[in-house]
Amino acid sequence: MQHSRHMIEFSTGFEDPEGWFNLAVSYSETQGLRLYIDGVLTGSSTEEIETPIVSDFATHLHLGKRNDMNGDYLGASFDDFATFYKTFEEDDPSLADTLTGNEAETGVVVTTNHPELDALAPFSGKPDCKVLHDADCARSIYELNDVLSDEAIINGTVYTSVRNRLRYLVDPRNDVPQNDLAYCVDVFEAIVYAPVDYKLNETEAMSELSDLIQITSNMMQPNRSENWKKVNEVSMGTPSLVKTLEDYGIQVSRRLRTKSGHEKLVLSAENIGMQVDSLENSNQHDKYSLPDYSLSNWNETKLHWNDPIEKFTLPKHFFQFTEPGKTSSLVATMYNTLPDMIPEVGTQDVKGLDGKPVKINSRVASLSVDPPLRMDLYNPIRIVFAHIAPVNKSSHEEVACSFWNHSAPNTTNGAWDTRGCEVVSTNETITICHVYHMTSFAIIIKPIFEEEEESDEGNLQWMARILSVFSISFLGVYLFYLVCAKRLRVILHTIHINLCVAVIFALLSLAGSGDIKDAWGDCMLSGCLIHYFNTVIMLWLFIEAFQLFTDLTESLEIQDEDDDEDEPPFQERVKYYILFGWGVPFLNVGVAFGFSPDAYIEQEAGFCWLDNSNFLWCAFVGPLGFFGLCTLYMLYRMLRDIDEQVYREDRTTIFKSSYFGTWTLQIYFLITWGVGLVGIHGLYLYALYLFVLAMSCLGIVTFIVHALLNTEVRLLLGLRNPDKTLTPIEKIHLPPEFDDVRYIKPTYIP
């Protein structure tokens, strides 16, 4: 309070009443500060702190906030405000009635009601003031999240107020219910991804990042682990919180760094420690390590964490995998209590769990880099972990290096995965790992898994391999004749050559998907190959339908004559076909990969395919539907124009067999992938078996409709001369020129 030329501060306490209550505050130089609730003295203090002031700047009395600044808002409603120009005396028998508004009306002046006092906002009545007031007065994280719903009036001041209020609400001394923890993640993300002033000096950056680390550390208090586990089951929980914090570390470093980087920043709280480094790529030495525990800012963490040893060591040429010549930022974050509150689930790659939870036996260590890596590393990052509990050699459990896979299929927010992680050495207390990518890592204890003889993934791979051998064999014979038989060098057979090549490579990518995935370390290459070659098949079926449609509309100019020239007359058109049939799928796959480097993930039974998120599935389903329908439409349009004259002119039956074959293959291909997408995304496992069976037989179906149903090709396959069968022979009746034909006996002339 302000008294004369002094600012006086008192401190007292009282119990919070429930519902509406009457609050009265009295001050005198002799009695000091007194607080009355419902007319009863509840708190008092005579100990004061006086601060001289120059002038009386508190020209208004604000209810529910400080007079001298915009802050310390009170979450309460006010009514029947009264001012008394006298000192309350303890022995006054009417004191209680006076304070509660039950005094006699004599001497009471009732002022005119001010409409602005009925509003929910502070005195100014501005919408942004109301939001600021609501943020400062939020009594739960749910209410705080509700404040952020109106993005139109949210500004930097509001975000600061929200951050301060969130820090108070998640204070270890306050109880945070399970539902509020779920909203913690949403509020935290809103704060982190809010627009930030680009001109951020080191002090401000350190302060804001330190504040968020403290908030996250408070959220991760050990007594909140059970609530976090329940939150993780139904919504984005601690994994999202961790990723958001590390993203903010990158943001801060990006704003601080110069061409030569910036000084090492170390910030820590009770449960979290973070080091942010920035350095010029060209000046890096091999085996750069972080965190650097020799820095003084790590001393308190080392004391409370019993000298942590977790450390990342970067490989040689690490920064060549980012944008060359740029300054990079590295954020290494250690989480002390996170193992107790992160989901204990593993992907299918963590064998032997059988529904049991993953045992985490180390701190969680995260590493982020900006600019991000363009691909997985050739040389691994070395990570040292200390075990939470000593690990003894066992015949049924083993140590495994693992990472948190945010895009693990069939999970709410991810799962622990072991792909791209290797155990280099381990003992009772320490494990050293090699990893080939960036994310959050930890040591897990998993069962020693003995590979079963039969599994869905293994069954599907062997089915694809065996059937693909037969398909490729038939297509190989067909291709041999298409390439070597000069009489088959027509435009439709050229299309068939490209179609057969696409089918062969699609079968190889399907049959070898498991081996490619194991060799590459993830699904990127395997998924790209399957996506690309199946898109090529789709486009060559479209091209064949287009060529048939063109032949029919151009008076059936079917190329069935031998051509002795070096270049066939259709060479120019074929060039465009090849560019379209092989180039467009390349762009399609490139766009999918450009949207997300992790566009291809492991799906049902280990199948590598496009992720369901961010509409990445449209990169295949879109072209499949569009070109498939266009192909069927052209074939349908031709149906009414084909007559006996067409078949009579189609002496080699290439038009007839190609038309029927395109119908068959297009419908077969659409149905196969329709069933396949159902199985790949885990809806029905038997659908995946049907897909692999049908896809592996695509080569056999192609051989039947394009080779066996084509008379000319069938005769060549049977080692017969097509000219004898295909040359038209007609029975001709020749009538005699004269009706009366007489036999003249020869006469001998001596």
Side-chain angles (χ1 to χ4, degrees), residues 144 148 155-172 184-221 238-258 261-279 290-293 295-302 304-305 308 310 312 327-338 363-372 438-440:
L144 200 59
L148 296 173
N155 53 39
T157 305
V158 174
Y159 280 117
T160 301
S161 183
V162 169
R163 188 176 72 241
N164 293 336
R165 192 61 180 172
L166 180 63
R167 183 177 63 244
Y168 167 77
L169 292 173
V170 299
D171 187 275
C184 273
V185 180
D186 296 333
V187 174
F188 194 77
E189 288 181 351
I191 296 171
V192 167
Y193 297 123
V196 180
D197 184 9
Y198 189 83
K199 296 179 180 179
L200 197 66
N201 61 44
E202 183 173 347
T203 302
E204 293 170 335
M206 291 279 285
S207 175
E208 291 192 10
L209 184 55
S210 178
D211 203 16
L212 290 176
I213 290 174
Q214 185 62 59
I215 291 172
T216 310
S217 177
N218 290 345
M219 293 183 193
M220 294 183 179
Q221 289 297 317
T238 48
S240 179
L241 195 66
V242 165
K243 185 178 183 302
T244 304
L245 177 65
E246 292 159 9
D247 285 348
Y248 193 76
I250 290 290
Q251 286 185 37
V252 170
S253 178
R254 193 183 296 142
R255 285 165 173 77
L256 288 180
R257 68 192 185 200
T258 61
H262 62 67
E263 294 294 327
K264 296 179 180 179
L265 305 179
V266 176
L267 306 102
S268 62
E270 183 181 354
N271 302 310
I272 300 174
M274 176 183 288
Q275 179 170 322
V276 183
D277 293 359
S278 181
L279 13 93
L290 73 165
D292 184 359
Y293 292 114
L295 299 174
S296 59
N297 288 351
W298 280 110
N299 291 343
E300 187 174 351
T301 302
K302 290 193 298 183
H304 289 93
W305 290 13
E310 286 76 15
F312 294 94
T327 304
S328 293
S329 297
L330 292 165
V331 176
T333 315
M334 308 298 157
Y335 301 91
N336 193 40
T337 56
L338 184 58
R363 295 187 179 97
V364 176
S366 297
L367 182 64
S368 304
V369 64
D370 180 72
M438 315 278 279
T439 181
S440 299

Checklist entry - So, do L267 and I272 sit near enough that their side-chain heavy atoms are less than 4.5 Å apart? => result no
Checklist entry - When rounded to the nearest 0.5 angstrom, what distance separates CG in L279 from CD in E263? => result 11.0 Å
Next on the checklist: Are the side chains of V170 and C184 in contact, using a 4.5 Å heavy-atom criterion?
Outcome noted: yes
Item to check | Shortest non-hydrogen separation from S278 to T327 and the atoms involved | outcome: OG-CG2, 3.5 Å
Checklist entry - Can you find a pair of side-chain heavy atoms, one from V187 and one from V162, that are under 4.5 Å apart? => result yes
Next on the checklist: Could you go through Q251 and Y193, starting from their C-alpha distance and side-chain angles, then the distance that decides it, and tell me whether this counts as side chain to side chain donor-acceptor pair (under 3.5 Å)?
Outcome noted: CA-CA 9 Å; Q251 286 185 37; Y193 297 123; 6.0 Å; no
Checklist entry - Roughly how far, to the nearest 0.5 Å, is CE of M438 from CD of E246? => result 10.0 Å
Next on the checklist: Please enumerate all residues that pass side chain to side chain contact (heavy atoms under 4.5 Å, CB included) together with N297, with sequence neighbours excluded.
Outcome noted: V266
Item to check | K302 side chain vs Y293 backbone, donor-acceptor pair below 3.5 Å | outcome: yes
Next on the checklist: If the condition is side chain to side chain contact (heavy atoms under 4.5 Å, CB included), which residues does E270 pass it with, not counting sequence neighbours?
Outcome noted: S217, Q221
Checklist entry - Which one of L209, I215, T216 satisfies the side-chain contact (heavy atoms from CB on, under 4.5 Å) criterion with I213? => result L209
Next on the checklist: Could you measure the distance from the CG atom of L367 to the CG atom of L290? Nearest 0.5 Å is fine.
Outcome noted: 6.0 Å
Next on the checklist: Going by the rule side chain to side chain donor-acceptor pair (under 3.5 Å), which residues pair with S440 if we only count those two or more places apart in sequence or in a different chain?
Outcome noted: S366
Item to check | Pair S161-N164, side chain to side chain contact (heavy atoms under 4.5 Å, CB included): steps then yes or no | outcome: CA-CA 5 Å; S161 183; N164 293 336; 5.5 Å; no
Item to check | side chain to side chain contact (heavy atoms under 4.5 Å, CB included) partners of A365, counting only residues at least two apart | outcome: F312, M334, F385
Checklist outcome for this item: Smallest heavy-atom separation, G273 atom then W298 atom, equals C-CH2, 3.7 Å
Checklist entry - Do V276 and H262 come close enough that some side-chain heavy atom pair is under 4.5 Å? => result yes
Checklist outcome for this item: Taken in chain and number order and not counting sequence neighbours, the residues that satisfy salt bridge (charged side-chain N to carboxylate O under 4.0 Å, His left out) with D211 are R163, R167
Item to check | Check: P371 and S328 side chains under 4.5 Å, non-hydrogen atoms | outcome: yes
Next on the checklist: I'd like to check T238 versus Y335 (side-chain heavy atoms, cut-off strictly below 4.5 Å). Are they in contact?
Outcome noted: no
Checklist entry - Do you know the tightest heavy-atom contact between V331 and G249? => result CG2-C, 3.9 Å
Checklist entry - Should V252 and Y248 count as side-chain neighbours, where that means a heavy-atom distance under 4.5 Å? => result yes
Next on the checklist: Using the rule given for side chain to side chain contact (heavy atoms under 4.5 Å, CB included), can you reason through K264 versus D292, listing the C-alpha separation, both sets of side-chain angles and the distance that settles it, and then say yes or no?
Outcome noted: CA-CA 9 Å; K264 296 179 180 179; D292 184 359; 3.5 Å; yes
Checklist entry - Looking at CG of L241 and CG of D186, how far apart are the two atoms once the value is rounded to the nearest 0.5 Å? => result 10.5 Å
Checklist entry - Is the side chain of D171 donor-acceptor paired with the backbone N or O of Y168 at a distance under 3.5 Å, no angle test? => result no
Checklist entry - So, S329 and R257: side-chain donor and acceptor under 3.5 Å apart, yes or no? => result yes
Next on the checklist: Working note: V242 + L245, criterion side chain to side chain contact (heavy atoms under 4.5 Å, CB included); need CA distance, chi angles, decisive distance, verdict.
Outcome noted: CA-CA 5 Å; V242 165; L245 177 65; over 6 Å; no
Next on the checklist: Rounded to the nearest 0.5 Å, what separates atom CG in N218 from atom CD in Q214?
Outcome noted: 4.5 Å
Next on the checklist: As an exercise, state the distance from CG of N336 to CH2 of W305, rounded to the nearest 0.5 Å.
Outcome noted: 5.0 Å
Checklist entry - How would you list, by chain and number, every residue that makes a salt bridge (charged side-chain N to carboxylate O under 4.0 Å, His left out) with E310, sequence neighbours excluded? => result R363
Next on the checklist: Do S240 and E189 make a side-chain contact, defined as non-hydrogen atoms from C-beta onward lying under 4.5 Å apart?
Outcome noted: yes
